[in-house]
Amino acid sequence: MTYRFTTELRYSDVTPKSLWLNRRQIMAGGTAALGLLAGPSMATTPPRNPRYSVKDELTDYDDITSYNNFYEFGTGKDDPARHASSLTTSPWEVKVDGLVGKPGVYAFEDIIKGVNLEERIYRLRCVEAWSMVVPWIGFQLSEFLQRVEPQAGARYVAFETLYRPEEMRGQRSRGLDWPYREGLRLDEAMHPLTLLATGLYGEDMPKQNGAPIRLVVPWKYGFKSIKSIVRISLVSDQPETTWNMQAPREYGFYSNVNPNRSHPRWSQATERVVGGGLFAKRIETRMFNGYADEVASLYSGMDLITNY
Ligand SMILES: Nc1nc2c(c(=O)[nH]1)N[C@H]1C(S)=C(S)[C@@H](COP(=O)(O)O)O[C@H]1N2
Ligand SMILES: [Mo]
């Protein structure tokens, strides 16, 4: 499936896909990577929303899709790109339950019908102190939450990834306590920056990046942005989250990007920008990953060192 939702054509809509390929891919010409991107180039990219897009240089498509964390496919950074092709992403359903007026099982096609699909360029900062800049395609989670009608008493949103060990080899061994789970406070979930993403670089979401639908919360460490979502629950109490259950001293519920609070095993003051080969650089990590103007008010009065 490709996107055909945009109403007006812009320059970027008609830019050949080949311009997105970096030098390495072009030099590797005719490889599988190139084949993946080939095909009809009639599809148009939803319009970019500059209000929520950073100006930073984009990370190359091949870095975004080959250096991943997706433990369902293994713990190595290259495991998701090697093994995620085994995942069936169509048909896809998301179960919505808990404190909502419209619980039910929503088909992926139904979820994205009529939403404000747009492109947004966000920084992604991993807790392991590397970062990327990704042109996501998606829509605000708030749009979907409003549609399912949160009830009074709903204070948190809980998310789950699918459990399907036949297709997700990492789930055949213990590893994490499956399914992968994440959660947000309802006001964080309703914040305009919080996206349900269905693609990147103008393409449907690659499987290793969380096809067909994943969360993106750019002011929090990457692990909060749960992939391949099959369940969204509105709940009254703070939900359990995978990394917090795994190592509570290392990963808190909030996990806001914070250069002032070191991870117990390493500093969070700087980060390595993924890609660039020889020119890889380290930059200073910014409070809330650079989104302080938009999100700091969500946490006024909270101690963000103890509430990590
Ligand atoms: N279901 C699931 N979602 C997940 C993960 C995972 O292992 N399983 N890893 C998280 C981590 S640690 C990061 S840094 C981001 C990485 O997203 P990316 O691979 O698209 O860059 O996905 C997050 N979402
Ligand atoms: Mo991460």
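Order of listing sets the numbers, starting from 1, for every ligand and every atom in it.
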Look only at interatomic distance and state if [X] has a nitrogen or oxygen under 3.5 Å from any nitrogen or oxygen of ligand 1.
| X | result |
| --- | --- |
| Tyr67 | no |
| Trp130 | no |
| Trp243 | no |
| Gln208 | no |
| Trp136 | no |

Hey, is CD on Glu57 packed in by over 12 heavy atoms from elsewhere, all under 6.0 Å?
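No, not enclosed.
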Does Arg249 have more than 12 heavy atoms from other residues, nucleotides or ligands lying within 6.0 Å of its CZ?
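No, because the 6.0 Å sphere around CZ of Arg249 holds 12 heavy atoms or fewer from other groups.
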Using a 4.0 Å heavy-atom cut-off, say whether Glu128 meets ligand 1 through its side chain, its backbone, both or neither.
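Looking at Glu128 and ligand 1, no heavy atom falls under 4.0 Å.
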Where does Phe223 meet ligand 1, judged by heavy-atom distances below 4.0 Å: at the side chain, the backbone, both, or neither?
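For Phe223, the contact with ligand 1 is made by both the backbone and the side chain.
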Any atoms of ligand 1 less than 4.0 Å from a non-hydrogen atom of [X]? List them with their elements.
| X | result |
| --- | --- |
| Thr161 | 1 (N) |
| Tyr71 | 6 (C), 7 (O) |
| Ile226 | 3 (N), 24 (N) |
| Glu72 | 1 (N), 2 (C), 6 (C), 7 (O), 8 (N) |
| Cys126 | 14 (S) |
| Asn209 | 18 (P), 20 (O) |

When the ring centroid of Tyr71 is compared with that of Tyr180, is the distance short of 6.0 Å?
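Judged by ring-centre distance (under 6.0 Å), Tyr71 and Tyr180 do not meet the cut-off.
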Just need the protein heavy atom nearest to [atom], so name the residue and atom and give the distance.
| atom | answer |
| --- | --- |
| atom 20 (O) of ligand 1 | Arg214 NH1, 2.6 Å |
| atom 15 (C) of ligand 1 | Gly222 O, 3.5 Å |
| atom 9 (N) of ligand 1 | Asn69 O, 3.2 Å |
| atom 3 (N) of ligand 1 | Lys227 N, 3.1 Å |

Arg185 and side chain to side chain donor-acceptor pair (under 3.5 Å): which partner among Tyr254, Tyr156, Tyr299?
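Testing each of Tyr254, Tyr156, Tyr299 against Arg185, the sole residue satisfying side chain to side chain donor-acceptor pair (under 3.5 Å) is Tyr254.
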Is it the case that [X] and [Y] place a side-chain donor and acceptor less than 3.5 Å from each other?
| X | Y | answer |
| --- | --- | --- |
| Gln268 | Arg125 | yes |
| Thr194 | Gln140 | no |
| Tyr201 | Trp136 | no |

Contact between ligand 1 and Glu182 is defined here as a heavy atom of the residue under 4.0 Å from a ligand atom; is it met?
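No heavy atom of Glu182 comes that close to ligand 1.
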Heavy-atom gap Ser225 to ligand 1 smaller than 4.0 Å:
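Yes, that is the case, since the closest heavy atom of the residue is under 4.0 Å from the ligand.
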Pairwise distance CG(Asn68) to CG(Asp79) - rounded to 0.5 angstrom
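Atom-to-atom, Asn68:CG and Asp79:CG are 10.0 Å apart.
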Between Glu250 and Arg265, is there a side-chain N and carboxylate O pair less than 4.0 Å apart?
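Yes.
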Whether Lys95 and Glu93 form a salt bridge (side-chain N of Lys/Arg under 4.0 Å from carboxylate O of Asp/Glu) is what I want to check.
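Not counted as a salt bridge, because no side-chain N and carboxylate O are separated by less than 4.0 Å.
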Tell me, please, whether Tyr291 has Arg123 positioned over its six-membered ring: NZ or CZ under 6.0 Å from the ring centre and within 45 degrees of its axis?
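The answer is yes; both the distance and angle limits are met.
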Measure from NZ or CZ of Lys224 to the centre of the six-membered ring of Phe253, then state whether that distance is under 6.0 Å and the direction lies within 45° of the axis.
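Yes, a cation-pi geometry holds between Lys224 and Phe253.
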Considering Phe73, Tyr180, Phe70 one by one, which has a heavy atom nearer to atom 4 (C) of ligand 1 than any of the others?
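Result: the heavy atom closest to atom 4 (C) of ligand 1 is in Tyr180.
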